[in-house]
J.: 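The structure that follows is given in the form of structure tokens.
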Amino acid sequence: MATFKPKFIKPDTDDAIADITGVEEPQTSTFVYNANHNLGLTEQRERLPIRKYRDQILYCLEQHQVVILVGETGSGKSTQVPQYLYEWGWHSKGCIGITEPRRVSTVTLANRVAQERGELVGDTVGYAVRFQERISNETKIKFVTEGILLRELLADPLLTQYSVIIVDEAHERNMLTDLLLGLLKKILRKRSQLKLIISSATIDASFFSEFFSWPGADKEVSVKLSIEGRMHAVHHFYLNEPCADYVKETVATIWKLHQKEPPGDILAFLTGQEEVLEALDLIKEYIASEETATLKALPMYGSMSSQDQLSVFFTPPKGVRKVVLATNIAETSITIPGIVYVIDCGYVKVKWFNPTTCSDSLMVVPVSKASAIQRAGRAGRVRPGKVYRLYTKQDYDALAPRQPPELRRSELSGAVLQLKALGIGNILRFDFPSPPPAKNLLAALETLYALDALDEEGQLTKPVGFLLAELPFTAMLSKMLHVSGKLGCAEEIITIIAMLQVQSIFSRPVSAAAQQSGRIAHRHFEVAEGDLITLLNVYTAFVEEGMTKEFCGQYYLIYRNLKRACELREQLINLARKKYGIPIFSCKGDVELICKCITAGFFTQVAYLHHSGVYRQISSGTELAIHPNSTLYTLPQAQYVVYGELLQTTKLFMNHVTVIKKEWLTELAPHYYQQTTVRD
DNA sequence: GAGCACTGC
């Protein structure tokens, strides 16, 4: 083994020795570090970093309509600020609402705050997320997901039941965050007594304060407060020269680090499953060269089975260092305990909507500074840590502050429907925090017009437009459901929709042999009609076999995702029947009828088989290919297919493909197909 | 014969 050369330089001048002194035994707890764990809850609250800002926050909120709160992780802002407001009496004028981007954090925070107040959740402190609600007449502090608040807007456009809204984690800039912020700005101007607190990371604070200032408003409509967090220091290392292959560099860095650094687990960020497995193979070669294994390498990516994912949470035996090779899943979604060293390859895979082809591109791009900081932070959770960035300091300085917000790079028909339902007539003039490209908005308007959700004037149609705006999935799937109610197969269509909402139900095992067995097992469900009917088959088999984990193991299916699809399906059946009066019937195996419904939703996304042997988009003539993940990839080519999504990678790939008959198009979408000529 | 990060109603 070559000797370790200091390839990394530190931006700060501290001697490297300083990092090694004071190293404690590795922490093995899976909980977030809490220095005050043996104090009572009240004393704990008093000791939180945010406590000394309490009066200032309350004062600012008295003086201004919008307050921007900048606080690091662990500052206690999500749990404390709602209580400060309550204790100061803000609840007497209406609810204190807190929005969260994810369901889990919504429920967890509500429970935590209720506990701190010595109450049960559902009394003063409540929450509402999809599928679960703990709200009573006494509820004054209400934690909700962003999606729930947007739904509440439909019934109460001025949010009159609230006196204060706190938008937590606003810096994430999800599609729903941006929609909510745009709408809240409108509401604030109409309801001067409503207050807004935006809780954000440092990087976006000035952006938000500019967005929430308008002519004629109090000049200091927004106020920034910065609250430090409770993270340990993380030392940063950079490459002197850019590297050619970050997968190899990651593995080499892991190995050097393992030889030279004191105990502590390693987390390496790569962009995709393929890279993770490649790096895993490479590091295993290094490990095999040792007599006794002192390094244990584990992969972590989204489509692994739950059981395989669990293994990254185990504490390695004494004398063994754990290294986790992960995708972005470890950046925010999953916290792996014991991590002291982070390796950041500097890249990330992002989806980007292309309005010309209505496809998503999946591209590997440099991470943003915000992501790089977030990744580095994963090293400082248990004790002071180190991050090795596989790029130069100059490259780091040149990184974009953040990834463009989701709303600027996504398909927008859902967002447009939502805004139309709230009475926003001219979508192009809506005050988005970051306006999306006009082309994207126009593509959404065209899609909605084709689906008969909007009329020539761009008004929501009755009943289709209003129904599509209310249903909680994409416009095309909602249209599919609407038609299935009329054709008598809503039960099957709801199953398919539920299966499409969850993450992949087909697991991708780690080893090559298991991957092969998985593929063979999946064939069990495959049918010539295509992917959506295949999904229906998986669901039916899962239910018939008693919905067991064993069944999923045997057929390489992901239990947690299938289980969630079942939950969703139950909810959708109830929703469709009770709220929207859609008759729920089963077509009892009439597959053609189901395929017709699918066509009724996806008729704008059709490809025909050109005589040259490749598929072409019916609307534009663009060449398309069947995605290798599709059931139809290995089957003889059908003349006409509809697809659920287009993905641009090495080619323009169709996914979620269904075989259809040409005459269904004119039968189900005559308004769209009368002028379109099909060239063979 | 290609490859898919993550959420939400």
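A note on names: the letters A, B, ... follow the listed sequences, proteins ahead of strands, and every chain is numbered from 1. Basis for what follows: all heavy atoms, side chains included, without hydrogens, waters or symmetry-related copies.
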J.: Could you work out, with ring-ring contact (aromatic ring centres under 6.0 Å, His included) as the rule, every residue matching Tyr347(A), not counting sequence neighbours?
T.: Tyr246(A)
J.: Answer yes if the side chains of Asn440(A) and Arg409(A) hold a donor-acceptor pair under 3.5 Å, and no otherwise.
T.: no
J.: Check whether the side chains of Thr495(A) and Arg569(A) place a donor and an acceptor atom closer than 3.5 Å, and report yes or no.
T.: yes
J.: Would Gln132(A) and Tyr127(A) count as having a side-chain donor-acceptor pair, cut-off 3.5 Å?
T.: yes
J.: Would you kindly give the CD-to-C1' distance between Glu406(A) and dG8(B), to the nearest whole Å?
T.: 9 Å
J.: What is the distance from CD of Gln501(A) to P of dC9(B), rounded to the nearest Å?
T.: 11 Å
J.: Would you kindly give the CG-to-P distance between Leu412(A) and dG8(B), to the nearest whole Å?
T.: 20 Å
J.: In whole angstrom, what separates Leu277(A)'s CG from dC4(B)'s P?
T.: 13 Å
J.: Rounded to the Å, how far apart are Ile329(A) CD1 and dC6(B) P?
T.: 5 Å
J.: Got a sec? Which of residues 143-154 of chain A come in under 4.0 Å of DNA chain B, heavy atoms?
T.: Thr145(A), Gly147(A), Ile148(A), Arg151(A)
J.: Round to the nearest Å and state the distance from Arg130(A) atom CZ to dC9(B) atom C1'.
T.: 5 Å
J.: Are Gln403(A) and dC6(B) close enough that a side-chain N or O sits under 4.0 Å from OP1 or OP2?
T.: no
J.: Whether the Arg173(A) and Ser434(A) side chains hold a donor-acceptor pair (N or O, under 3.5 Å, no angle test) is what I'd like checked.
T.: yes
J.: Given atom CZ of Phe506(A) and atom P of dG3(B), what is their separation to the nearest angstrom?
T.: 19 Å
J.: Can you check the Glu411(A) CD to dT7(B) P distance for me, whole Å?
T.: 21 Å
J.: Let's see if you can work this out: which of dC9(B), dC4(B), dG3(B) has an atom nearest to the side-chain heavy atoms of Leu647(A)?
T.: dC4(B)
J.: Using a cut-off of strictly less than 4.0 Å, decide whether Ser504(A) has a side-chain nitrogen or oxygen near OP1 or OP2 of dC4(B).
T.: no
J.: Are Tyr391(A) and Asp344(A) linked by a side-chain donor-acceptor pair shorter than 3.5 Å?
T.: yes
